[in-house]
Amino acid sequence: MAKLSLGSTFSIFHSRHIRPPLAGCHVTKMTVADHHPSLEVVGGARDRFLPSLHTNLRLPYNPFPLIAWNRHVETIFASFFRSIPQVRLRRECLRVKDGGSVALDWVSGDHRRLPPDSPVLILLPGLTGGSQDSFVRHMLTKANGKGWRVVVFNSRGCGESPVTTPQFYSASFLGDTYEVVKHVGARYPEANLYAVGWSLGANILVRYLGKESHACPLSGAVSLCNPFNLVIADEDFHKGFNNVYDKALARALCKIFKKHALLFEDMGGEFNIPLAANAKSIRDFDEGLTRVSFGFKSVDDYYSNSSSCDSIKHVKRPLLCIQENPNCMLIVTPKGGHLGWVAGAEAPLGAPWTDPVVMDFLEYLERGASKTGKFLGDSEAVQRSSGELHHIEV
């Protein structure tokens, strides 16, 4: 199996999202033989990754009747009615350098059942999310059923993770991610590491990949429903029905905050604890607490400097996501909502349509990755793979 080249990227997103410019790409659409016409597939890295995905991409994207007629209906249905697989988890509380804590949820019994070189998949849920989320559980069971060791990274205060310092997590803060990846890698040094992130978790993951660049210990990653530009995401939250999501997430943030409010008692300076505790929007919470905790002058300053769109050009590991990059492949589904994707064999209550595509991608990387975690440069990888995969110059 040929090695994958540095910076190889691939993208999947629902058509209602703003399409990112594919900087530097000669965009060429694929033929019907390569994928079903219900999906739009473009970009330069398609030939590197398509062999791992052709089975699912040749099938039509069939949104479930009635549910998928409206993106908001699909998003809400998936959030409230998608089944939650029952999995026995074992929690590990990791104390990080600044005294804070995160919770790592492993599948119980895997440390005895799986060999030490089994690939490890780290899952990063979205804002206020954790191992209780249905889409996280479905991805966990899908990967675990294929022999992968899976761990859910519950950020500070999320998924009932303990809060031991007067600081939560944020889109800008990568310290916990560095420590979690290092900790997991040290525990299973013979295994390749991978990660999947959703929404804000995807934003954090892509920023981490960009910061680590060539030194990144991950062998591959997947980003799903990444906002990428938090300034635009904030603006969109205040438009039409999106206000419902904004208020719901603000309530979830306030609920987590109030559980640990005593840690934030008597905090002065620019902190506005009453505003954070009673936030009516994500922006209120970030104004009262987040942007001050992480040293930003304003909320807009925080959003602008925490967006993963600025990190994507530095990513040097295989990545399935929405992005602008010279080596990208873009799949557009006709329906899907936000983290909905109520389609495919398991619709409407089962796993989202994306899960088998994600697993095909990750297993393709695992088959081709070296156990040392080293990757070839673009030109070398293309030369070695030319006999097995066709490559389009960009």
May I ask you to check whether [Y] and [X] place their ring centres under 6.0 Å from each other?
X	Y	value
Tyr245	Phe237	no
Tyr194	Phe361	no
Tyr169	Phe173	no
Phe64	Phe77	no

Can any side-chain N or O of [X] pair as donor or acceptor with the backbone N or O of [Y] at less than 3.5 Å?
X	Y	value
Glu190	Pro116	no
Asn243	Gly240	yes
Ser161	Ala103	yes
Arg207	Ser172	yes
Arg291	Phe285	no
Ser298	Asp301	yes
Thr141	His138	yes
Asp133	Val136	no
Ser79	Thr75	no

- Note on the structure: Hits for side-chain hydrogen bond (donor to acceptor under 3.5 Å, both in side chains) against Asn144, two or more places apart or cross-chain, chain-then-number order -> Asp110, Arg113

- Query: Which residues pass the side-chain hydrogen bond (donor to acceptor under 3.5 Å, both in side chains) test with Ser118, sequence neighbours left out?
  - Reply: none

Would you say that [X] contacts [Y] through its side chain, given a criterion of any heavy-atom pair below 4.5 Å between the two side chains?
X	Y	value
Val206	Ile312	yes
Leu127	Leu253	yes
Ser293	Phe271	yes
Asp355	Met359	no
Lys97	Tyr178	no
Phe135	Leu224	no
Asn278	Lys258	yes
Pro352	Arg82	yes

Verify the cluster assignment for [X] and [Y]: are they in a single hydrophobic cluster under the rule of side-chain heavy atoms below 4.5 Å apart?
X	Y	result
Leu249	Phe80	yes
Ile76	Leu349	yes
Leu275	Phe264	no
Leu114	Val107	no
Val292	Leu263	yes

- Give a yes or no on whether Leu66 atom CG has more than 12 heavy-atom contacts from other residues, nucleotides or ligands under 6.0 Å away. no

Kindly give the heavy-atom pair with the smallest separation between [X] and [Y], and that separation in Å.
X	Y	value
Gly210	His314	O-CB, 3.4 Å
Ala277	Cys254	O-SG, 3.5 Å
Thr128	Cys158	CA-SG, 3.7 Å
Phe168	Arg156	CD2-O, 3.9 Å
Ile256	Gly157	CG2-O, 3.5 Å
Ala276	Leu289	CB-CB, 3.9 Å

Compute whether any side-chain donor of one residue and acceptor of the other, for [X] and [Y], lie under 3.5 angstrom apart.
X	Y	answer
Asp105	Ser131	yes
His238	Asn242	no
Thr290	Ser170	no
Thr165	Asp98	no
Asn192	Glu366	yes
His183	Glu92	yes

- Item | Verdict with supporting geometry, Arg283 and Asp300, side-chain contact (heavy atoms from CB on, under 4.5 Å) | CA-CA 9 Å; Arg283 187 180 182 89; Asp300 289 330; 3.2 Å; yes

Could you grab the distance from atom [atom1] of [X] to atom [atom2] of [Y], nearest 0.5 Å is fine?
X	Y	atom1	atom2	value
Gln167	Phe294	CD	CZ	4.0 Å
Leu174	Leu205	CG	CG	10.0 Å
Tyr208	Leu124	OH	CG	10.0 Å
Leu89	Ser108	CG	OG	8.0 Å
Asp284	Asp246	CG	CG	8.5 Å
Leu230	Ser308	CG	OG	7.0 Å

- Task: Report the C-alpha distance between Arg149 and Tyr188 in whole Å, list the side-chain angles of each, state the deciding distance to 0.1 Å, and finish with yes or no for side-chain contact (heavy atoms from CB on, under 4.5 Å).
- Result: CA-CA 10 Å; Arg149 194 185 312 275; Tyr188 296 102; 3.3 Å; yes

- Start with the C-alpha gap between Glu160 and Arg91, add the side-chain angles, then the distance that decides, and say whether side-chain contact (heavy atoms from CB on, under 4.5 Å) holds. CA-CA 11 Å; Glu160 301 298 328; Arg91 172 154 291 191; 4.0 Å; yes

- Item | Carboxylate-amine/guanidinium contact Arg367 Glu363, below 4.0 Å | no

- Message: side-chain contact (heavy atoms from CB on, under 4.5 Å), that's the test. Do Asp176 and Phe153 meet it? Break it down for me.
- Response: CA-CA 10 Å; Asp176 291 351; Phe153 169 17; 3.9 Å; yes

